[in-house]
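Along the sequence shown, residues are numbered consecutively beginning with 1.
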Amino acid sequence: TKPIIIDQAGIANQSFEAIEATVTIVLEDINGNITELFTIPAWFTDTNQPLLGFAGVLDRSVLHVDTPHQTGWLEIDI
């Protein structure tokens with residue numbers, strides 16, 4: 001783990017201190033399907049909002065949007 005300062009992070013005019021660590025996770029969808037274990041970089045900070053970064057998770061996924069039904073989902077290739 002190492003302390004870092006994150007500037008912007010997708011949130012306009014924001015910066016915050018965090019601890020960056022490499023963690024092993026699984027993801028589960030609303031139907032109970034679970035991915036295999038995989039490793040990602042993660043940020044830990046004092047916030048009441050979840051932070052999901054691009055590296056390791058979102059960069060493995062395809063976003064599907066169903067505009068008429070106002071739904072969407074991520075298809076994650078692990």
Side-chain angles (χ1 to χ4, degrees):
T1 63
K2 64 180 179 177
I4 59 172
I5 295 179
I6 299 165
D7 291 314
Q8 298 298 320
I11 308 165
N13 300 316
Q14 299 277 335
S15 69
F16 54 91
E17 293 181 13
I19 298 294
E20 184 176 55
T22 301
V23 297
T24 301
I25 67 169
V26 297
L27 299 176
E28 181 177 359
D29 68 14
I30 61 173
N31 298 314
N33 299 308
I34 298 175
T35 66
E36 294 182 15
L37 289 170
F38 64 101
T39 303
I40 63 165
W43 301 335
F44 296 92
T45 190
D46 184 21
T47 179
N48 59 359
Q49 298 296 318
L51 302 173
L52 182 61
F54 227 89
V57 178
L58 296 179
D59 58 354
R60 301 174 185 231
S61 64
V62 175
L63 173 62
H64 298 273
V65 178
D66 181 349
T67 305
H69 295 100
Q70 298 181 353
T71 63
W73 65 94
L74 290 174
E75 179 181 342
I76 300 175
D77 183 23
I78 301 300

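Across D66 and H69, no two heavy atoms sit closer than the pair OD2-ND1, 2.9 Å.
Side-chain N or O atoms of T35 include one that pairs as donor or acceptor with a backbone N or O of L27 at under 3.5 Å. Remark: the backbone N or O of N33 is not paired with any side-chain donor or acceptor of N31 at under 3.5 angstrom.
V62 and V65 are not part of a single hydrophobic cluster, where members link through side-chain heavy atoms under 4.5 Å apart.
Atom CD of E28 has more than 12 heavy atoms from other residues, nucleotides or ligands within 6.0 Å.
In this structure, the side chains of F38 and I25 come closer than 4.5 Å at one or more pairs of heavy atoms.
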